[in-house]
Asks: 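I'd like to ask you about the structure that follows.
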Amino acid sequence: MPARPIVKETGRPKYYQTHPGIIMQETRLRFPPSPTGYLHIGGARTALYNWLYARKTGGKLILRIEDTDVDRSTRESIDGIIDGLTWLGIDWDEGPYFQTEFSDDHRSAAARFLADGAAYKCFCSKEDLEAKREAALAAKGDVRYDGTCRTLSREDLAAKERAGLPYVLRFKTPHREGTIGYDDKVLGRIESNYREIDDFVVVRSNGAPLYLLCNVVDDIRDRITHVVRGQDHMTNTIKQLLLYEALGAPIPVFAHMPLTLDTKKAKISKRSHGEIVAVQFYRDHGFIPWAFNNFLVLLGWSPGDDREFFSREELIEAFSLERINKSASIFNYRKGDPKFFTDPKAIAINEHYLRTMPIEELAPLVKEELTTAGLWDNAYDADRHSWFLATIELIRSRFHTLKDFSSLGRAYFSDDFQIDEKAFRKNLAATPDLQLWLPELAREYQAMPDFSLAETERLARAAAERAGVKPGIVINAMRTVLTGQLAGPSMFDILLALGRETVVKRMQATPELYHPFQPQQP
RNA sequence: GUCCCCAUCGUCUAGUCAGGUCCAGGACACCGGCCUUUCACGCCGGCAACACCGGUUCAAAUCCGGUUGGGGACGCCA
């Protein structure tokens with residue numbers, strides 16, 4: 001049924017009535033990381049999808065740190081997650097809330113369950129449970145909880161309580177016929193038989209409520225309308241449906257995103273993949289934040305047409321829960337690949353932004369990189385600003401990441417740069433006479449009245465002719481002497497970018513390159 | 001083992017809900033060409049997939065069933 005507008009404003013409905021008497025409310029989504037590691041690309045993608053949907057619908061994104069497992073939660077991890085989100089540009093409207101600050105809510109919900117008979121005390125020891133599970137596994141049978149304590153007699157219960165035995169609280173899954181289910185925005189109708197759901201633990205023996213319960217209580221309190229999370233939560237969702245019911249709360253919209261696997265189809269994790277799956281890795285390796293978001297969003301979602309690059313506004317406009325894929329995608333990282341240090345598509349998308357984004361937007365990112373590398377000069381923001389922008393423009397098409405500005409592009413910003421060994425062998429070592437020709441050409445450059453594109457090229461070609469070699473010999477040698485590289489922009493553009501003084505100085509020093517480590521003669 | 005989810009080029013994917021316009025489109029990667037003082041960029045071209053079997057239908061990548069394969073969950077983790 002199409003939404004029926006109840007308030008009209010300049011031809012555009014602002015509020016909608018989806019059912020009689022019910023006005024569609026603001027969407028509220030959340031990103032609830034557990035601070036037990038860094039922000040990895042799976043978590044970042046979850047955050048991104050939630051953020052996109054919140055922004056698209058004009059709703060709110062809530063950041064909630066799920067730190068109920070105090071033993072494993074760390075301050076560094078919380079900082080890492082927040083830094084990661086900030087770097088990506090994923091902002092939130094409320095929070096960060098900390099789950100531990102709401103333990104009263106969780107405990108009172110648990111107490112209410114016990115009072116209502118929706119949960120019961122279970123005295124089974126960890127050892128017994130573990131033994132049963134192993135036995136079941138060995139017999140290839142059912143590993144779910146068998147309900148031993150659900151049917152404890154009044155006398156047994158009283159006796160165990162008197163004895164002061166530790167107990168956990170288990171949710172009493174209704175013994176009903178039929179199924180329970182929900183309409184997943186990605187997967188469609190999902191149903192599960194009641195008899196498949198065992199009595200799960202909601203409160204630890206030390207009195208601390210567990211994830212399944214806390215998560216639902218928090219979502220209800222935070223008035224969450226849409227839960228967008230990984231498919232690994234699907235069985236949790238079924239159990240949480242029961243919790244919503246027991247708490248008398250309406251269930252939110254669920255959307256289960258496909259997982260991201262490695263090339264061997266295993267779930268990506270810090271343990272097995274290391275830094276390569278950490279968001280921080282991409283920041284440290286010179287990725288453009290938005291480019292990385294653009295890569296992430298395509299891992300499990302597509303707009304339905306051939307577009308692959310989106311501005312922030314375009315992506316928010318194009319995004320929808322329904323177009324999220326059902327099947328898992330693979331993070332195509334092959335360890336030890338000499339050419340691609342991460343998924344080639346991620347690099348390709350970064351390159352695209354690097355060479356097409358407005359130079360004024362790229363400049364601050366390059367500034368940051370040069371600053372980190374100790375190559376920044378404040379003049380680049382002042383009287384040399386137009387030079388700075390022109391130089392970035394000149395060199396960026398050959399670069400892959402922001403790091404390249406301080407490595408491959410170092411010679412443009414500093415006299416302290418390395419000569420690439422391969423470049424030396426090919427462009428210099430093969431023709432030792434360049435030690436004479438280049439300084440000579442440098443003297444001509446020094447003396448010429450007009451240090452221009454056309455004139456510098458004319459003199460270089462004349463020098464080659466004089467020496468009886470092809471122009472490329474001289475030109476490529478100059479490239480290596482001036483930039484340390486084998487390849488680069490058009491040579492005479494480089495000359496002008498570097499400036500006459502630097503060009504002359506470096507070319508005159510050519511012979512030194514041939515004898516870098518020659519010991520002093522006595 | 002039980003339950004759940006998934007299945008199109010090497011990878012990300014479009015097409016599947018409303019079967020024909022798909023001997024399957026795009027991107028990345030790879031290969032070739034053009035451009036060129038180098039290397040890129042750019043442009044042009046190429047390689048490459050509907051997991052399998054059966055059914056429904058005039059017609060199936062698309063609907064149905066099964067098989068196989070992959071993944072997830074089965075914690076006093078989140």
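Within every chain, numbering begins at 1; the chains are lettered A, B, ... in the order of the sequence lines, protein sequences first and strands thereafter.
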Asks: Can a donor-acceptor pair under 3.5 Å be found between the side-chain atoms of A:Ser327 and the base atoms of B:C6?
Replies: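 Absent.
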Asks: Figure out the CG/P separation between A:Leu296 and B:U13, and round it to whole Å.
Replies: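 These atoms are roughly 12 Å apart.
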Asks: Could you check whether A:Phe295 gets within reach of a base, just the sugar-phosphate, or nothing at all, counting any heavy atom under 4.0 Å?
Replies: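 If one applies the 4.0 Å heavy-atom cut-off, A:Phe295 turns out to touch nothing in the nucleic acid.
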Asks: At under 4.0 Å between heavy atoms, what does A:Gly188 touch on the DNA or RNA strands: base, sugar-phosphate, or nothing?
Replies: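 If one applies the 4.0 Å heavy-atom cut-off, A:Gly188 turns out to touch nothing in the nucleic acid.
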Asks: Give one of base, sugar-phosphate or nothing for A:Arg323, where a contact means two heavy atoms less than 4.0 Å apart.
Replies: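 Sugar-phosphate, backbone atoms only, no base.
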Asks: If you check the A:Arg170 side chain, which of B:C76, B:G25, B:C5 turns out closest?
Replies: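 For the A:Arg170 side chain, the nearest candidate turns out to be B:C76.
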Asks: May I ask you to check whether A:Asp218 and A:Tyr97 show a side-chain donor-acceptor distance below 3.5 Å?
Replies: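 Short answer, no.
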Asks: Going by atom types only, do A:Lys126 and A:Ser205 share a side-chain donor-acceptor pair under 3.5 Å?
Replies: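 No pair is found: no donor N or O on one side chain lies under 3.5 Å from an acceptor on the other.
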Asks: Among residues 469-492 of chain A, which residues get a heavy atom nearer than 4.0 Å to RNA chain B?
Replies: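 Contacts with RNA chain B under 4.0 Å: A:Ile475, A:Asn476, A:Arg479, A:Leu486, A:Ala487, A:Gly488, A:Pro489, A:Ser490, A:Met491, A:Phe492.
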Asks: Considering only B:A40, B:C12, B:C77, which nucleotide approaches the side chain of A:Ser397 most closely?
Replies: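 That would be B:A40.
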Asks: Do A:Asp67 and A:Ser73 have side-chain N/O donor and acceptor atoms under 3.5 Å apart?
Replies: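 Side chains of A:Asp67 and A:Ser73: no pair found under 3.5 Å.
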Asks: Under 4.0 Å, heavy atoms only, any strand: does A:Ser205 hit a base, just the sugar-phosphate, or nothing?
Replies: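 It contacts base atoms.
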Asks: In terms of side-chain geometry, is the basic nitrogen of A:Arg466 or A:Glu444 positioned less than 4.0 Å from the acidic oxygen of its partner?
Replies: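 Here A:Arg466 pairs with A:Glu444 in a salt bridge, since their nearest N and O are under 4.0 Å apart.
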Asks: Could you give the CG-to-P distance, from A:Leu241 to B:C4, as a whole number of Å?
Replies: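 Spelled out: CG on A:Leu241 to P on B:C4 is 15 Å.
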Asks: Between A:Leu299 and A:Arg133, which has a closest nucleotide on RNA chain B that is more 5'?
Replies: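 Residue closer to the 5' terminus by nearest nucleotide: A:Leu299.
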Asks: Measuring from the side chain of A:Arg398 (C-beta onward, heavy atoms only), which nucleotide among B:A78, B:C76, B:C39 has the closest atom?
Replies: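 Nucleotide nearest to A:Arg398's side chain: B:C39.
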Asks: Are A:Asn325 and A:Ser327 close enough that a side-chain donor and a side-chain acceptor fall under 3.5 Å?
Replies: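 No.
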Asks: Name the closest nucleotide to the A:Asn325 side chain, picking from B:A40, B:A14, B:C28.
Replies: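 The answer is B:A14.
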Asks: Could you give all pairs that pass the ring-ring contact (aromatic ring centres under 6.0 Å, His included) test and reach residues 187-206 of chain A, with sequence neighbours left out?
Replies: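 Residue pairs with at least one partner in residues 187-206 of chain A: A:Phe171-A:Phe200.
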Asks: With P as the reference atom in both, quote the distance from B:A40 to B:C22 in angstrom, rounded to an integer.
Replies: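 Going atom to atom, P in each nucleotide, I get 36 Å.
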Asks: What integer number of Å spans the C1' atoms of B:C47 and B:G54?
Replies: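 Pairwise C1' distance, B:C47 against B:G54, rounds to 33 Å.
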Asks: Nearest to the side chain of A:Lys265, heavy atoms from C-beta on, is which of B:A29, B:G71, B:A14?
Replies: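 Per side-chain heavy atoms of A:Lys265, the pick is B:G71.
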Asks: Given B:C77, B:C5, B:G72, identify the nucleotide with an atom nearest to the side chain of A:Leu259.
Replies: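 Nearest nucleotide to the side chain: B:G72.
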Asks: Considering only the C1' atoms, how many Å lie between B:A51 and B:G32, rounded to the nearest integer?
Replies: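 32 Å, rounded to whole Å.
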Asks: In whole Å, I'd like the distance from the CG atom of A:Leu428 to the P atom of B:U38.
Replies: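 After rounding, the gap between these two atoms is 17 Å.
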Asks: Does the structure show a Watson-Crick or G-U wobble partner for B:C52, both distances under 3.5 Å? Name it, or say none.
Replies: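 Pairing partner: B:G66.
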Asks: NE2 of A:His233 versus P of B:A78: gap in Å, rounded?
Replies: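 Going from NE2 in A:His233 over to P in B:A78 covers 11 Å.
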Asks: Taking 4.0 Å as the cut-off, does a side-chain nitrogen or oxygen of A:Arg334 come that near to OP1 or OP2 on B:U11?
Replies: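 The answer is no; no side-chain N or O of A:Arg334 sits under 4.0 Å from OP1 or OP2.
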Asks: Taking the P atom in each of B:U11 and B:A48, what is the distance between them to the nearest angstrom?
Replies: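 Nearest-Å result for B:U11 against B:A48 at atom P: 16 Å.
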Asks: If you look at every strand shown and take non-hydrogen atoms under 4.0 Å, does A:Lys326 touch a base, only sugar-phosphate, or nothing?
Replies: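 Sugar-phosphate only.
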Asks: Tell me what A:Ile347 touches on the nucleic acid: a base, only sugar-phosphate, or nothing, going by heavy atoms under 4.0 Å.
Replies: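 No contact at all - A:Ile347 keeps every heavy atom at 4.0 Å or more from the nucleic acid.
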Asks: Of the listed nucleotides (B:A73, B:A29, B:C12), which one gets closest to any side-chain atom of A:Asp232?
Replies: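 Minimum distance to the A:Asp232 side chain belongs to B:A73.
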Asks: Please report, rounded to the nearest Å, how far the P atom of B:G10 is from the CZ atom of A:Phe331.
Replies: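 In whole Å, B:G10 P lies 20 Å from A:Phe331 CZ.
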Asks: Given that both distances must come in under 3.5 Å, which nucleotide forms a Watson-Crick or G-U wobble pair with B:C43?
Replies: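 For B:C43, the partner nucleotide comes out as B:G33, under the 3.5 Å rule.
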Asks: Find the distance A:Glu351:CD to B:C39:C1' and express it as a whole number of Å.
Replies: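 It is 13 Å, rounded to the nearest whole Å.
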Asks: Taking the six-membered ring of A:Phe319 as reference, does the cationic atom of A:Arg323 (NZ for Lys, CZ for Arg) lie under 6.0 Å from its centre and within 45° of its axis?
Replies: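 No; the conditions do not both hold, so A:Arg323 does not lie above the ring face of A:Phe319.
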Asks: Could you let me know what B:G19 is paired to, Watson-Crick or G-U wobble, both distances under 3.5 Å, or none if it's on its own?
Replies: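 Paired with B:G19, as far as the under-3.5 Å criterion goes, is no nucleotide at all.
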Asks: For a quick check of understanding: with a heavy-atom distance under 4.0 Å over all strands, which category does A:Glu196 fall into, base, sugar-phosphate or nothing?
Replies: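 Sugar-phosphate, no base atom in range.
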Asks: From the set B:A78, B:C12, B:A73, return the single nucleotide nearest to any side-chain atom of A:Lys267.
Replies: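 The closest nucleotide is B:A73.
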Asks: Taking the minimum atom-to-atom distance to the side chain of A:Val201, which one of B:C12, B:A78, B:C76 wins?
Replies: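 Within the option list, the nearest is B:C76.
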Asks: Between A:Asp142 and A:Phe123, which residue's closest nucleotide on RNA chain B lies nearer the 5′ terminus?
Replies: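 Nearest-nucleotide comparison on RNA chain B picks A:Asp142.
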Asks: Kindly write out the residues that satisfy salt bridge (Lys or Arg N to Asp or Glu O under 4.0 Å) with A:Arg479, not counting sequence neighbours, or none if the list is empty.
Replies: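 For A:Arg479 there are no salt bridge (Lys or Arg N to Asp or Glu O under 4.0 Å) partners, ignoring immediate neighbours.
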Asks: Whole angstrom is fine here: how far is it from CD1 in A:Ile268 over to C1' in B:G71?
Replies: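 It works out to 14 Å between those atoms.
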Asks: Measure distances between side-chain N and O atoms of A:Lys345 and base N and O atoms of B:A27, and say whether any donor-acceptor pair falls under 3.5 Å.
Replies: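 Indeed there is one.
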Asks: If I pick the C1' atom on B:G25 and the same atom on B:A14, what distance separates them, to the nearest angstrom?
Replies: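 To the nearest whole Å, 6 Å.
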Asks: Using the C1' atoms only, state how far B:G19 lies from B:C58, rounded to an integer number of Å.
Replies: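 The answer is 12 Å between these two C1' atoms.
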Asks: Grab the two heavy atoms, one from A:Ala460 and one from A:Val474, that are nearest each other, plus how far apart they are.
Replies: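 Taking every non-hydrogen atom into account, O-CG1, 4.1 Å.
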Asks: If I pick the P atom on B:C34 and the same atom on B:C39, what distance separates them, to the nearest angstrom?
Replies: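 Approximately 13 Å lies between the P atom of B:C39 and that of B:C34.
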Asks: What's the gap between B:G15 and B:C63 when it is taken at their P atoms, as a whole Å value?
Replies: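 That atom pair is separated by 13 Å.
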Asks: Tell me the interatomic distance from A:Asn350, atom CG, to B:A29, atom P, rounded to whole angstroms.
Replies: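 Computing the A:Asn350:CG to B:A29:P distance gives 13 Å.
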Asks: Taking atom types as modelled and ignoring hydrogens, do the side chains of A:Tyr282 and A:Asn350 form a donor-acceptor contact shorter than 3.5 angstrom?
Replies: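 Note: A:Tyr282 and A:Asn350 side chains miss the donor-acceptor criterion.
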Asks: Taking N and O atoms by type only, does the side chain of A:Asn236 place a donor or acceptor under 3.5 Å from a partner on the base of B:A78?
Replies: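 Under the 3.5 Å cut-off, the side chain and the base do form a donor-acceptor pair.
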Asks: Now, which nucleotide makes the Watson-Crick or G-U wobble pair with B:C3, with each of the two distances under 3.5 Å?
Replies: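 By the stated definition (distances under 3.5 Å), B:G72 pairs with B:C3.
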Asks: Without hydrogens or angle criteria, can the side chains of A:Ser34 and A:Tyr211 be said to hold a donor-acceptor pair below 3.5 Å?
Replies: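 Side-chain D/A pair, A:Ser34 to A:Tyr211: absent.
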Asks: So, OP1 or OP2 of B:A78: does either fall under 4.0 Å of a side-chain N or O from A:Thr68?
Replies: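 Answer yes for this pair, as a side-chain N or O of A:Thr68 is under 4.0 Å from OP1 or OP2.
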